[in-house]
Visitor: 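Let me give you the structure first, and then I'll get to my questions.
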Amino acid sequence: MTLLPYSFKDILLSLAVLLVIYYGYIILRYYRKELNDFIKGKAPEQGADELENDVAVIDPFERYHEPVNLEPIADDNYLLAEELILRIKELISESRDRQLAEPEVMSSVRDLLVEYPTLKDEILRAGITELILSEMKIHGFISASRSEVDGLWKMALG
């Protein structure tokens, strides 16, 4: 077995020197102006040709939706829907705590929906339906289906 005359320390030192030489060449060759500005303490300037290359950020969905209005909505349907959502969450959570059977929970939800006959917006009703289904599944009532909840709306709103 022959030992090499170079140690790992010598090899790593040679590699480090070669990397410094390589990156020094790259900096001098391609970044000379920026290096001079840096040495002189100047802030980097953006020329007119560089400004033209800047790409404006465009929202790809801008043409498909309106910007969200952060002002509160004064529509009574939305206020009723928010109130109903809170009551549904409380009802299902309490039903789990009282260990009620799923048919009893569905009956209670129907009775709750009856109290909101003016909630006619289909989009809000669809969202509330999804909320009912997800809350029921979260709290362990897993056999409720979308058609059953839609049937609750039909029974409640006549």
Visitor: Rounded to the nearest 0.5 Å, how far does CD1 of Ile11 lie from CG of Leu15?
Guide: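 Answer for the CG-CD1 pair, Leu15 versus Ile11, is 9.5 Å.
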
Visitor: If I take atom CE from residue Met106 and atom CE from residue Met136, how far apart are they, to the nearest 0.5 angstrom?
Guide: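 One finds 5.0 Å between CE of Met106 and CE of Met136.
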
Visitor: Output a table of donor-acceptor pairs, distance under 3.5 Å, between side-chain atoms of residues 80-88 and any protein atom two or more places apart or on a different chain; print 'none' if there are none.
Guide:
unit_1	atom_1	unit_2	atom_2	d
Glu83	OE2	Tyr116	OH	2.8
Arg87	NH1	Glu115	OE1	2.7
Arg87	NH1	Tyr116	OH	3.1
Arg87	NH2	Glu115	OE1	2.9

Visitor: Let me confirm one number: the OG1-CG distance from Thr129 to Leu113, rounded to the nearest 0.5 Å.
Guide: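 Taking OG1 in Thr129 and CG in Leu113, the distance rounds to 8.0 Å.
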
Visitor: Test your reading of the model: is there a side-chain donor-acceptor pair from Ser107 to the backbone of Pro103, 3.5 Å cut-off?
Guide: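 Checking the backbone N and O of Pro103 against the side chain of Ser107, no donor-acceptor pair under 3.5 Å is found.
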
Visitor: Report yes if the side chains of Arg125 and Asp150 come closer than 4.5 Å at any heavy-atom pair, otherwise no.
Guide: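 Result no, sub-4.5 Å side-chain heavy-atom pair not found.
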
Visitor: Could you go through the side chain to side chain contact (heavy atoms under 4.5 Å, CB included) check for Leu152 and Met155 one step at a time?
Guide: CA-CA 5 Å; Leu152 291 178; Met155 287 190 290; 3.8 Å; yes

Visitor: Answer with yes or no whether the hydrophobic clustering places Tyr31 together with Tyr22; edges join I, L, V, M, F, W, Y residues whose side-chain heavy atoms lie under 4.5 Å apart.
Guide: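 Yes: a chain of side-chain contacts under 4.5 Å links Tyr31 to Tyr22.
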
Visitor: Same hydrophobic cluster for Leu13 and Phe8, using side-chain heavy-atom links shorter than 4.5 Å among ILVMFWY?
Guide: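 No; Phe8 is not reachable from Leu13 via cluster members.
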
Visitor: Nearest 0.5 Å, what's the NE2-CD distance between His139 and Glu102?
Guide: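 Here the interatomic distance stands at 13.0 Å.
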
Visitor: For the CD1 atom of Ile138 and the CG atom of Leu133, what is their distance to the nearest 0.5 Å?
Guide: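 The distance works out to 11.0 Å.
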
Visitor: Working to the nearest 0.5 angstrom, can you tell me the gap between Asn36 CG and Arg32 CZ?
Guide: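 If I round to the nearest 0.5 Å, the distance is 8.0 Å.
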
Visitor: Start with the C-alpha gap between Val105 and Arg96, add the side-chain angles, then the distance that decides, and say whether side chain to side chain contact (heavy atoms under 4.5 Å, CB included) holds.
Guide: CA-CA 9 Å; Val105 176; Arg96 184 205 56 203; over 6 Å; no

Visitor: Within the 4.5 Å heavy-atom criterion, are Ile21 and Val17 side-chain neighbours or not?
Guide: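 The answer is yes, as the side chains (C-beta and beyond) meet within the 4.5 Å cut-off.
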
Visitor: Which residues pass the side-chain hydrogen bond (donor to acceptor under 3.5 Å, both in side chains) test with Glu130, not counting sequence neighbours?
Guide: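 Result, side-chain hydrogen bond (donor to acceptor under 3.5 Å, both in side chains) vs Glu130: Arg146.
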
